[in-house]
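Structure, as structure tokens:
In this text the structure is predicted, and so the values were computed from the model without any measurement. Every chain is numbered from 1 and lettered A, B, ... according to where its sequence line falls, protein lines coming before strand lines.
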Amino acid sequence: MLDKSLIADLPPFVGMENDSLEKLISAAQAQRYSKNAHIFRQGADAEHFYLLLDGYLRVVKVTEHGEQVIARYISTGELFGIAVAIGRDTYPANAIAAVDCVALVWPNSVWQPTIEKNPSFSTNTYRAIGDRLQETQDRLVELSTERVEQRVASALLKLVRQTGRQTDEGVLIDFPISRQDLSEMTGTTLHTVSRLLSAWEIAGLIKSGRQRITVVEDHKVMLIAHGQK
DNA sequence: CCATTAAAGGATT
DNA sequence: AATCCTTTAATGG
């Protein structure tokens, strides 16, 4: 049996009445996903919506030719797979566990009643959707105006803000991330990312290993992101 | 400035 | 052993 304290303090649910919370949580099912598992697939019928309780996952668009673009990362406490919120009946992308994850799963049928009875939940989720839209628009501008170096630096900083964990060496990005992943976030190739990271490591801005990146000099990375090298 | 191609070595399963 | 990740160099748009 799930307890409402699991979700009561998470951003999507702040301001909700206690009995509404209880009702919502009782309609949910907890589900574990091991690393690299697909939670849902692009184009599949959207029958559920989700909340990430623990872990990180990536949202990946796949083209007809098999090329992948990482649309965004979802971290703990975020809703995802909310196709129902924007009137879609299929999922627009794949959701893949970046590490072992735990999520709550609801059937879409509980979305509409929950929205209707809980104005705060409604505003919270539509705000979140708005934020994500804003983010993708910012990325569009980035892609068309900034050099690769700036885009990779920006992506690093975004990940640090979203998932950074302080260590004695700097701020570690808290899940396995490859050069390929970074290239899929920034519209470049893994080779270019590899070269950039190598150069930054020599310059002391970051430390990196296989699927590990630690930002040591975030200020200097920020300078690169903003174009003044 | 950056993508592509190729080659090779290390890490992971 | 097979596969995945990373680095490096050469070439060309």
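Nearest approach of Cys101(A) to Tyr56(A), heavy atoms of both residues: SG-O, 3.2 Å.
Against DNA chain C, the stretch residues 173-181 of chain A makes heavy-atom approaches under 4.0 Å through Ser178(A), Arg179(A). Using a 4.0 Å cutoff on non-hydrogen atoms, no part of residues 54-65 of chain A comes near DNA chain C.
In this structure, Ile224(A) places its CD1 atom 12 Å from P of dC1(B), rounding to the nearest Å. Atom CZ in Arg151(A) sits about 7 Å away from atom P in dA3(B), given to the nearest Å. Computed from coordinates, the Leu190(A) CG to dC4(C) P distance equals 13 Å when rounded to whole Å. Between the CD atom of Glu201(A) and the P atom of dT7(C) there is a distance of 8 Å, given to the nearest Å. With rounding to whole Å, Glu67(A) atom CD is found 9 Å from dT4(B) atom P. Atom CD of Glu149(A) is separated from atom P of dC2(B) by 7 Å (rounded to the nearest Å). In this structure, Arg212(A) atom CZ and dC4(C) atom P are separated by 22 Å, rounded to whole Å.
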Protein-nucleotides 1-3 of chain C N/O pairs closer than 3.5 Å?
none

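Salt bridge annotation for Arg72(A)-Glu135(A): present, with a cationic side-chain nitrogen under 4.0 angstrom from a carboxylate oxygen. A salt bridge is defined here as a Lys NZ or Arg NE, NH1 or NH2 lying under 4.0 Å from an Asp or Glu carboxylate O, and Lys4(A) with Glu22(A) meets this definition.
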Exercise. Classify every nucleotide of nucleotides 7-13 of chain B by which part a protein heavy atom approaches to under 4.0 Å, writing B for the base, S for the sugar-phosphate alone and - for neither, in 5'-to-3' order.
Key: ---BSS-
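Set against dC1(B), dA3(B), dT7(C), the side chain of Arg147(A) has dC1(B) as its closest nucleotide. You'll find that the side chain of Gln211(A) is closest to dT6(C), out of dT4(B), dT6(C), dC2(B).
The side-chain hydrogen bond (donor to acceptor under 3.5 Å, both in side chains) analysis of residues 120-131 of chain A, with sequence neighbours excluded, yields no pairs.
No continuous path of hydrophobic side-chain contacts links Phe49(A) to Ile39(A) [ILVMFWY only; heavy atoms under 4.5 Å]. Leu24(A) and Val105(A) sit in two unconnected hydrophobic clusters of ILVMFWY residues. Membership requires side-chain heavy atoms under 4.5 Å apart, directly or through other members. Residues Leu53(A) and Leu2(A) share a single hydrophobic cluster, defined by chaining ILVMFWY side chains whose heavy atoms lie under 4.5 Å apart.
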Enumerate, atom names and distances included, each donor-acceptor pair closer than 3.5 Å involving a side-chain atom of residues 209-224 of chain A, sequence neighbours excluded.
none

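Counting only N and O atoms by type, the side chains of Ser34(A) and Asp100(A) include no donor and acceptor under 3.5 Å apart. There is a side-chain donor-acceptor pair under 3.5 Å between Asp138(A) and Gln134(A). Side-chain atoms of Arg139(A) and Ser154(A) include no donor-acceptor pair closer than 3.5 Å.
Atoms CZ and CD1, on Phe80(A) and Ile74(A) in that order, are 7.5 Å from each other to the nearest 0.5 Å.
An OP1 or OP2 oxygen of dA3(B) is reached within less than 4.0 angstrom by a side-chain nitrogen or oxygen of Thr188(A). Side-chain nitrogen and oxygen atoms of Thr192(A) include at least one within less than 4.0 Å of the OP1 or OP2 phosphate oxygen of dA3(B).
A heavy-atom distance below 4.5 Å is not found between the side chains of Trp106(A) and Tyr50(A).
Between the side chain of Glu47(A) and the main chain of Asn108(A), no donor-acceptor pair closer than 3.5 Å is present.
Within 4.0 Å (heavy atoms only), Ser198(A) reaches sugar-phosphate atoms of the nucleic acid but no base atom. Using a 4.0 Å heavy-atom cutoff across all strands shown, Leu197(A) reaches no nucleic acid atom at all.
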